[in-house]
Amino acid sequence: MAEGLFDLVLAGLLLMLAGGALYGRSLYTSILLFVTFGLVLALVWARLGAVDLALAEAAIGAGLTGALLFAALARQGRAPEGEFDLACRRRGLAAAAVLLPVLWLMLSSLAPLAERDSPLPELALAALPHSGVEHPVTAVLLNYRAWDTLLELAVLLLALLGARQLGSGRLDTARPWPQLRAWNAHLAPLLVLVGGFLLWRGSSAPGGAFQAGALLAAGVVSLRLAHLLPPLRWSFWPLRLLVLLGLALFLAVAAAGAWLGQGWLSYPAGWAKPLILAIEVAATLSIAASLSLLVVGERREPAP
């Protein structure tokens, strides 16, 4: 009874925070509510037993995305209150016009699926001994549906390249708090250890490259904000190599499989596990470097 009540409170709090973030009276308030929404959602994932997703949500959904939104807010002027209220009303009307048809489509399409037994879980578990990993989610991401993960890495790279074209602004890192510098001396090594654990754990339990990369990026951003790391510049070639490493290795493995006659992203027999491990390590480094550059990367390169 108590657990059910707690879950209902979490669900209600998520809905209230989402509504407040969408219809707040100021952008600053909306961003604060959005960050709080990400933290509560991380608690929900932890409540569901998905600790790796909880860490990724806290690092990306609340931390890194919140920092990006505050940086964007600092670069624009203050909008008049009346103009912001009018925009909120328009968004409310648009949401109301879309919400009912979407709910109807979801109920009409998902209800029949709940009455059927899908054969996919049994098929995924039956092929698990030949996938190279011991966890079905990792097998789906990096074996059965590896194209999805490959495209996610490509989207992240395109997002980074697109963000670099938006301007020369950057997140202001002037005058770090002394407490921030002191905490980072202990927090950064812990984030590296937890990220490495999630990467290693991903082959046999929930975890993997995206969660590990998000935690590593959070550590890099925190160290940069505390002025414990030098500026991150795209012109620094090892950093560019890290950004491209995950996608490049993934494409190389795909091309090698096609050349050997197995098919694109079809691993040769006996090589699935080492290839997946190499892809996971490279993807972790690429995700960490890309997210770090997105948040605290220097867009204004020094004059030659």
Side-chain angles (χ1 to χ4, degrees), residues 31 34-35 38 52-53 55-76 141-142 146-173 188 191-192 195 198-199 202 208-255 278-304:
I31 294 174
F34 175 82
V35 172
D52 54 333
L53 292 179
L55 291 172
E57 176 62 36
I60 299 178
L64 300 180
T65 307
L68 282 173
L69 290 174
F70 277 120
L73 180 62
R75 293 180 57 192
Q76 71 174 30
L141 292 177
L142 289 168
W147 278 110
D148 294 352
T149 307
L150 174 62
L151 292 176
E152 287 173 359
L153 290 174
V155 167
L156 183 59
L157 176 61
L158 291 176
L160 173 60
L161 296 177
R164 290 186 49 79
Q165 308 304 316
L166 295 179
S168 58
R170 62 182 177 86
L171 190 65
D172 188 11
T173 59
L191 288 176
V192 172
L198 285 176
L199 175 63
F210 280 92
Q211 290 79 12
L215 286 182
L216 292 180
V220 171
V221 170
S222 184
L223 289 173
R224 178 62 192 131
L225 292 177
H227 285 193
L228 296 175
L229 279 181
L232 303 181
R233 296 191 173 96
W234 179 256
S235 58
F236 186 51
W237 71 265
L239 194 56
R240 293 203 305 270
L241 179 62
L242 285 180
V243 170
L244 299 173
L245 181 62
L247 183 61
L249 181 60
F250 221 142
L251 289 173
V253 171
I279 291 172
E280 284 274 80
V281 172
T284 298
L285 297 176
S286 292
I287 292 166
S290 300
L291 292 176
S292 301
L293 281 170
L294 274 171
V295 179
V296 292
E298 299 282 340
R299 307 245 182 98
R300 183 180 297 141
E301 302 293 345

Enquirer: If you define the side chain from C-beta out and look only at heavy atoms, does anything of Arg224 sit under 4.5 Å from Pro231?
Expert: yes
Enquirer: Rounded to the nearest 0.5 Å, how far apart are CG of Leu142 and CZ of Phe250?
Expert: 5.0 Å
Enquirer: Looking only at heavy atoms, what is the nearest atom pair of Leu191 and Ala218, with distance?
Expert: CD1-C, 4.1 Å
Enquirer: Rounded to the nearest 0.5 Å, what separates atom OG1 in Thr65 from atom CD1 in Ile31?
Expert: 11.5 Å
Enquirer: If you define the side chain from C-beta out and look only at heavy atoms, does anything of Leu232 sit under 4.5 Å from Val220?
Expert: yes
Enquirer: Working to the nearest 0.5 angstrom, can you tell me the gap between Leu153 CG and Leu158 CG?
Expert: 11.0 Å
Enquirer: Could you pull out all donor-acceptor pairs under 3.5 Å where a side-chain atom in residues 279-294 meets a protein atom, sequence neighbours excluded?
Expert:
unit_1	atom_1	unit_2	atom_2	d
Thr284	OG1	Glu280	O	2.8
Ser286	OG	Leu242	O	2.6
Ser286	OG	Val243	O	3.4
Ser286	OG	Gly246	N	2.5
Ser286	OG	Ala282	O	3.2
Ser290	OG	Ser286	O	2.8
Ser292	OG	Ala288	O	2.7

Enquirer: Just so I know, are the side chains of Leu215 and Phe210 near enough to count as touching, which here means a heavy-atom distance under 4.5 Å?
Expert: no
Enquirer: State which residues pass side chain to side chain contact (heavy atoms under 4.5 Å, CB included) with Ala188; sequence neighbours excluded, sorted by chain then number.
Expert: Leu223
